[in-house]
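Report on one structure; see the data block that follows.
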Amino acid sequence: MRIRRDKRERLAEIGMEPYPVGVPVTTTIQAIRAEHGHHEPDHSTGQFVGIAGRILFSRNTGKLCFATLRAGDGTEIQAMLSLANVGEEALEQWKELVDIGDTVFVHGEVITSKRGELSVMADSWQMASKALRPLPVAHKDLNEETRIRQRYVDLIMRPEARQMARTRMAVVSQLRRSFEARDYVEIETPMLQTMHGGAAARPFVTTSNAFDIELFLRIAPELFLKRAVVGGIERVFEINRNFRNEGADSTHSPEFAMLEFYEAYADYRDMARTTRELIQEAAVAATGSMVVTHFDGTQLDLTGEWDEISLYEATSAAVGVELTPETSVADLRALCDKAGVDYAPGWIAGKLLEELFEHYVIPTFTGPTFVMDYPLDTSPLVREHRTKPGRVEKWDLYVNGYEQATGYSELVDPVIQRQRLVEQAELGAKGDAEAMKLDEDFLRALEYGMPPSGGVGVGIDRLLMSLTGLGIRETILFPLVKPER
RNA sequence: GGGUCGCUAGCUCAAUGGUUAGAGCUGCGGACUUUUAAUCCGUAGGUUCCGGGUUCGAGCCCCGGGCGACCCA
């Protein structure tokens, strides 16, 4: 650092700005590669360009220097500085003052070297931005903590990190196009809420000084999007951040991006089809194919129709006993004991069944799978199944072994919805911190009449995990980390 | 919340409780006009995450704390 600081001073002494307001670039490295990527070795194009890039490698010989320059899009080109072309002074200054990590400007002719490397043979050079800190060694992976804490360094060093930022945009913009093509309206609903709802999770709590009230960061936008449907926005979606005051691991982050969408006159099967199409369209936009190749080479096939299984039937088959909504808590506990599945004393039947399902059935999934028809008691916002009592019209979509999306035929009957939320409030009174609260304004909205509707939530970060094979802390550019020291 | 593992030079990693904590790359000085992680010669670089303890002696053992990873809940 100290030495590089001195070099910064030296640059000013010789009349070269270490941080100029701009440099006269005439083209991009990518454009040069596209136009001249095919030449034979030792070829001169006669074309003169000005380019800028960060130095990744440099190889200095006595009278000829080489440097690998990279642009922000990851494309690279070699810069060559020879005594004959830049003169003694400029060459000496280059060798003295330029380090790996600096961003430099080079003007010169596009050529290929004797070894065939596409290069710019400089006639002049200029500092574009002096790096005071050295880059890490390029040939070894940075440890994960540094990659996350200093993502800027990770982005410089690792193509996957750069690609992720672009993949996220490709996915999100394709989702918006897909919704636009289906006549959906995008809206934004409150992040700061006076009452949290729409999911089972603990919220972050804050206070409004002006109103002198407690506010919650939203755990889901669901109840507001439904208010919008009541109001006549019959196809509505939102892509935005949710916050849940829970632990972080390879599939959970305290703040995460969520897509929710609702469609009047659709049911959960319609929504499953739309969800599949949206994800397939996003996969093509992000990776070029519905058969997605991860960075580690494994493939995920998203083509065609996806598997669909029944929660109760699949779990029954796995445990060898017919399970129904009437199966007792005692029987389910016995099955959990037998399987070595731990459970808490207060867990209701539906929760125990879902644990058994996760233990036995999820590991058997081979591709994207819709799991159909969940227990009524764990799903307070879903309508009861039209033909299967004790169950609700809900699916969860699993990809790569984790929950990727969930879809409902929405509960729109205000009287039943009130009963369900009252039951939740009673669970909350018993100490379940994740139980839902009774949102009177939401119930009032339902009382004006909400059309029969389907609704879906899709985790955007998890969708990116599916499409890249990377962990959630790679899909989020700047994930929450505990402060250093 | 529980368990396991890790934290040593700018980076990636070594180092039976025992001499002055090492190596590669990076850096610095020198040589070199076609290199691709250039090469060759020389050289510098340390609060071993923090705080206690045991010991003649601690990077290593013990206790507490911090940060992270993985597994489990």
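Here the structure is a predicted model, which is why all the values come from computation and not from measurement. Hydrogens, waters and symmetry mates are skipped; everything else that's a heavy atom, side chains included, is used. Numbers restart at 1 for each chain; the letters A, B, ... are given by sequence-line order, proteins then strands.
Between A/Glu117 and A/Val341, the residue whose closest nucleotide on RNA chain B is further toward the 5' end is A/Glu117. Closest-nucleotide positions on RNA chain B for A/Phe66 and A/Ile100 were compared, and the one nearer the 5' end corresponds to A/Ile100.
Judged by Watson-Crick or G-U wobble contacts below 3.5 Å, the nucleotide B/U47 has no partner. Pairing partner, B/C13: B/G22, with both Watson-Crick or wobble hydrogen-bond distances short of 3.5 Å. Summarising the base pairing, B/C61 is matched to B/G53 through a Watson-Crick or G-U wobble pair whose two defining distances lie under 3.5 Å. Nucleotide B/G42 has B/C28 as its partner under the Watson-Crick or G-U criteria, with both atom distances under 3.5 Å. Checking B/U4 for Watson-Crick or G-U wobble geometry (two distances, each under 3.5 Å) identifies B/A69 as its partner. The base-pairing partner of B/A37, taking Watson-Crick or G-U wobble contacts with both distances under 3.5 Å, does not exist among the strands shown.
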_Quick one, A/Lys130 with A/Asp99, criterion salt bridge (charged side-chain N to carboxylate O under 4.0 Å, His left out). Give me CA distance, side-chain angles, the key distance, then yes/no._
CA-CA 8 Å; A/Lys130 179 69 191 168; A/Asp99 291 301; 2.6 Å; yes
*Mind running salt bridge (charged side-chain N to carboxylate O under 4.0 Å, His left out) on A/Glu355 and A/Lys351 for me, showing each step along the way?*
CA-CA 6 Å; A/Glu355 291 293 319; A/Lys351 177 75 176 163; 3.6 Å; yes
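Residues meeting the side-chain hydrogen bond (donor to acceptor under 3.5 Å, both in side chains) test with A/Arg147, sequence neighbours left out: A/Glu474.
Here B/G68 presents its P atom at 15 Å from CZ of A/Arg147, a figure rounded to the nearest Å. Here B/U34 presents its P atom at 20 Å from CD1 of A/Ile77, a figure rounded to the nearest Å. Atom-to-atom, CG of A/Leu91 to C1' of B/U33 comes out at 10 Å; the value is rounded to the nearest Å. Rounded to an integer number of Å, the gap from A/Gln150 CD to B/U12 P is 10 Å. Regarding A/His39, its NE2 atom lies at a distance of 22 Å from the P atom of B/U34, rounded to whole Å. Separating the CD atom of A/Glu96 from the P atom of B/G29 is a distance of 8 Å, rounded to the nearest angstrom. Put simply, CZ on A/Arg149 is 13 Å from C1' on B/A69, counting in whole angstrom units. Between the CG atom of A/Asp99 and the P atom of B/G10 there is a distance of 16 Å, given to the nearest Å.
Spacing between B/G45 and B/G24 at atom P, rounded to whole Å, works out to 16 Å. Nucleotides B/G42 and B/A9 place their P atoms 25 Å apart, quoted to the nearest Å. Comparing B/G17 with B/C60, their C1' atoms are spaced 7 Å from each other, to the whole Å. B/C63 and B/C71: their P atoms are spaced 26 Å apart (whole Å). The P atoms of B/A58 and B/A21 are separated by 13 Å, rounded to the nearest whole Å. Comparing B/U16 with B/G59, their C1' atoms sit 14 Å apart, to the nearest whole Å. Between the P atoms of B/U34 and B/A69, the separation comes to 48 Å (whole Å). Nucleotides B/G27 and B/G10 place their P atoms 14 Å apart, quoted to the nearest Å.
The side chain of A/Glu145 lies closest to B/C67, out of B/U12, B/C67, B/U34. Listed candidates were B/U33, B/G10, B/G27. Nearest to the side chain of A/Ile3 is B/G27. Closest to the side chain of A/Val137, from the set B/C25, B/U33, B/G68, is B/C25. Relative to the side chain of A/Phe57, the nucleotides B/G10, B/A37, B/G68 differ in distance, and B/A37 lies closest. For A/Arg59, whose side chain is taken as the heavy atoms from C-beta onward, the closest listed nucleotide among B/A38, B/U34, B/U33 is B/A38.
Looking at A/Gln163 and A/Thr167, their side chains do bring a donor and an acceptor atom within 3.5 Å of each other. Checked by atom type, the side-chain pair A/Asp373/A/Ser310 shows no donor-acceptor distance below 3.5 Å.
Sorted by first then second residue, the side-chain hydrogen bond (donor to acceptor under 3.5 Å, both in side chains) pairs that include residues 25-34 of chain A, not counting sequence neighbours, number zero.
Residue contacts shown for A/Leu135 are absent, as no nucleic acid heavy atom lies under 4.0 Å away. Using a 4.0 Å heavy-atom cutoff across all strands shown, A/Thr112 reaches no nucleic acid atom at all. Nucleic acid contact class of A/Lys140 (heavy atoms, under 4.0 Å, all strands): sugar-phosphate only.
For A/Asn60, no side-chain nitrogen or oxygen approaches OP1 or OP2 of B/C32 to under 4.0 Å. A/Arg473 has a side-chain polar atom (N or O) that falls below the 4.0 Å cut-off from OP1 or OP2 of B/A69.
Rounding to the nearest 0.5 angstrom, the gap separating the CD atom in A/Gln93 from the CE atom in A/Met16 is 5.5 Å.
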